[in-house]
K.L.:
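The structure is given below, and queries will be raised subsequently.
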Number of protein chains: 2
Amino acid sequence: MNANVPPTAALVAKLTARDDLSAEEIAVLQGMMSEPRIVQGGHDIVRDGDRPGHSTLLIDGFACRYTTLKDGGRQITALHVAGDFVDLHSFMLKEMDHGVGALTLCRIATVDHGRLLEITHTHPHLTRMFWLLTLIDGSMHREWLVGMGRRPALGNAAHFICEIYTRLSVVGMAADNAFVLPLTQVELGDVLGLSSVHVNRVLQELRSGELITWTGQNVVILDWDALADLAEFDPRYLHVVKEPR
Amino acid sequence: MNANVPPTAALVAKLTARDDLSAEEIAVLQGMMSEPRIVQGGHDIVRDGDRPGHSTLLIDGFACRYTTLKDGGRQITALHVAGDFVDLHSFMLKEMDHGVGALTLCRIATVDHGRLLEITHTHPHLTRMFWLLTLIDGSMHREWLVGMGRRPALGNAAHFICEIYTRLSVVGMAADNAFVLPLTQVELGDVLGLSSVHVNRVLQELRSGELITWTGQNVVILDWDALADLAEFDPRYLHVVKEPR
DNA sequence: CGCAGGGCATAACCTATGTAAGCGCGGACT
DNA sequence: AGTCCGCGCTTACATAGGTTATGCCCTGCG
């Protein structure tokens, strides 16, 4: 938002929540990113089948990874917020097996894969931290699998809200149980594997139970304990713990 | 199985299906593993909450990562076969947020995290290959999310069979559309997010459509094209492509 | 040899969630 | 200023998949 805030601010916040970075490492991060660029909401950042020569950092805005099926159904497999590397995995996987789309207007910057390759030779700790980021993505994938497979829709929706609140807190975009979440009910259905009708039912139930309010893009968690309890939310899987890595 | 086959054979097969390894890298792999050890089926290899000081390679047998919910429900988030590093991610994540269990009798060997740390300093390419392994795990997680969220149970079961066949082929444990899969219907339900009753229905349907036979632990794919079509199976997400990484 | 337990199969019934359709509001464009 | 269209919301109805229960066939074991 602020022009004085460096594009890597949220990324650095996300990383330093897990381990200390040296001043040099922070400089390397700042030095490796391209000039920021804007992507309009609804547009793709990377497309299924692409072989990008760089990876993309989300500076601000909301983006998602998704897969589209033949019948038109869409599954969102990850939601990305400021400070997330939306396709860091393409550095090693080479070919995208899914797309990444901007849900809102997004500001992004890129790092060339060649630069990342260099870093794996010169900065082992930074390399491990990048690896860590992709592992936390995997951890969230697993938690979503548990939710879709074994949690009822209501609990899973509650879980999603707990997760997003926690993740936004790490990058300073949520506090006092309130945050902005620019997701339509259709999009939330694509996240949770539900129809939009059922998303609506579930949200009504969370509202009538006075667990949350959600008006427009403003979400307020009225009763964190009850919400987390309903969700069986255990934040350990987000690994927001600072320790040597 | 064969005492002359080194414990890393399947791992090397899995890696070299994605990129060439130097003789020195293969030697490092072989040198880093502990003596093999046996784990009985049904026992845990790593437990939720553990902070293991090493990562575990599955030499042979079948294992799974799983999460258990309060109501007793279990979701299997990954199925592991010979050559898989079942908890390589614990090297960076430090604390396990889920368990890893042996589904059958398993032979395993471990690498100390200290040794892995060294490798990130001395062997960047090998480090990237380890990173790649965890990224492919993430890729499978995403595909399972798509299946659970948006594919009907029949298609998702078909998809699972296609995936396992492909993965077993890479390590030489499947050929001619046939393989051994020691999973009970309850366990398959925990993979697919279904009840065992529905798993049974779905298997009956795959059988009556003459897509597969599944007797005891022996699975035969009778009509790969029809099965893959039903599953909308696109193997790109497994990244079985050899290229410089 | 007989019994217990696990795994598969099947039936009857139930419910969470999906589908189809329509309404109203508010913002964005002409 | 009027018109559209996307989004939220609701209703009526349909169905995929869950639950409970039961039987049968193995295999392992006392």
Side-chain angles (χ1 to χ4, degrees), chain A residues 40-43 62 69 71-76 101-105 147-160 180-209 212-219 230, chain B residues 40-43 62 69 71-76 101 103-105 146-160 180-209 212-219 230:
Chain A
Q40 298 296 327
H43 286 226
F62 287 79
L69 298 178
D71 69 355
R74 175 169 92 151
Q75 178 65 44
I76 292 177
L103 292 167
T104 64
L105 188 137
M148 296 184 52
R150 292 304 187 204
R151 269 192 273 267
L154 184 69
N156 201 28
H159 195 278
F160 174 74
V180 171
L181 189 61
L183 276 189
T184 68
Q185 294 185 359
V186 171
E187 286 162 348
L188 187 52
D190 289 342
V191 166
L192 300 173
L194 299 173
S195 66
S196 65
V197 173
H198 204 60
V199 167
N200 190 279
R201 287 194 272 249
V202 156
L203 290 184
Q204 297 303 345
E205 196 166 339
L206 290 176
R207 286 195 260 241
S208 73
I212 64 163
T213 63
W214 185 328
T215 41
Q217 306 188 339
N218 295 86
V219 181
L230 178 64
Chain B
Q40 296 297 326
H43 286 226
F62 287 78
L69 299 177
D71 70 355
R74 174 169 91 150
Q75 179 66 44
I76 292 176
L103 291 167
T104 64
L105 187 137
V146 173
M148 295 184 52
R150 292 306 188 204
R151 268 193 273 267
L154 184 68
N156 202 28
H159 196 279
F160 174 74
V180 172
L181 189 61
L183 277 189
T184 69
Q185 294 186 357
V186 171
E187 287 161 347
L188 188 52
D190 289 341
V191 166
L192 301 173
L194 300 172
S195 67
S196 65
V197 174
H198 203 61
V199 167
N200 190 280
R201 287 195 270 248
V202 156
L203 290 184
Q204 297 304 342
E205 197 166 340
L206 290 176
R207 286 196 260 242
S208 72
I212 64 162
T213 63
W214 185 326
T215 41
Q217 308 188 335
N218 295 87
V219 182
L230 177 64

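Because the structure is a prediction, the values reported are computed rather than measured. In what follows, every chain begins at residue 1, and chains take the letters A, B, ... in the order their sequences are listed.
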K.L.:
What nucleotide among D:dC7, D:dG17, C:dA9 has an atom nearest to a side-chain atom of B:Ala153?
P.N.:
D:dG17
K.L.:
Which part of the nucleic acid, if any, lies within reach of A:Gly193 when heavy atoms closer than 4.0 Å are counted: base, sugar-phosphate only, or nothing?
P.N.:
sugar-phosphate
K.L.:
B:Gln204 side chain: which of D:dC9, C:dT17, C:dA9 is closest?
P.N.:
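Nucleotide nearest to B:Gln204's side chain: C:dA9.
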K.L.:
Please pick, from C:dA11, D:dC9, D:dG17, the nucleotide with the shortest atom-to-atom distance to any side-chain atom of B:Val197.
P.N.:
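Nucleotide nearest to B:Val197's side chain: C:dA11.
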K.L.:
Return the minimal non-hydrogen interatomic distance between B:Met148 and B:Val191, and the atom names on each side.
P.N.:
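Closest approach of B:Met148 to B:Val191, heavy atoms only: SD-O, 4.2 Å.
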K.L.:
With a 4.0 Å cut-off, would you call A:Asp190 and B:Arg150 a salt bridge?
P.N.:
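Yes.
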K.L.:
What is the distance from CG of A:Asn200 to P of C:dA21, rounded to the nearest Å?
P.N.:
19 Å
K.L.:
Can you tell me the distance, in whole Å, between the CH2 atom of A:Trp214 and the C1' atom of D:dC9?
P.N.:
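About 15 Å, once rounded to whole Å.
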K.L.:
Heavy atoms only, 4.0 Å cut-off, all strands: where does B:Thr184 land among base, sugar-phosphate and nothing?
P.N.:
sugar-phosphate
K.L.:
Under the side chain to side chain contact (heavy atoms under 4.5 Å, CB included) criterion, do B:Leu69 and B:Arg74 qualify, and how do the steps go?
P.N.:
CA-CA 6 Å; B:Leu69 299 177; B:Arg74 174 169 91 150; over 6 Å; no
K.L.:
Between C:dC8, D:dG8, C:dG18, which nucleotide has the shortest distance from any of its atoms to the side chain of A:Leu194?
P.N.:
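My answer, after comparing the listed nucleotides, is C:dG18.
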K.L.:
Considering only side-chain heavy atoms of B:Gln185, which listed nucleotide, D:dG18, C:dC8, D:dT10, is closest?
P.N.:
C:dC8
K.L.:
State, to 0.1 Å, how close B:Thr104 and B:Pro182 come at their nearest heavy-atom pair, and which atoms those are.
P.N.:
CG2-CG, 3.4 Å
K.L.:
Give the rounded distance in Å between these two atoms: CZ of B:Arg150 and P of C:dG18.
P.N.:
7 Å
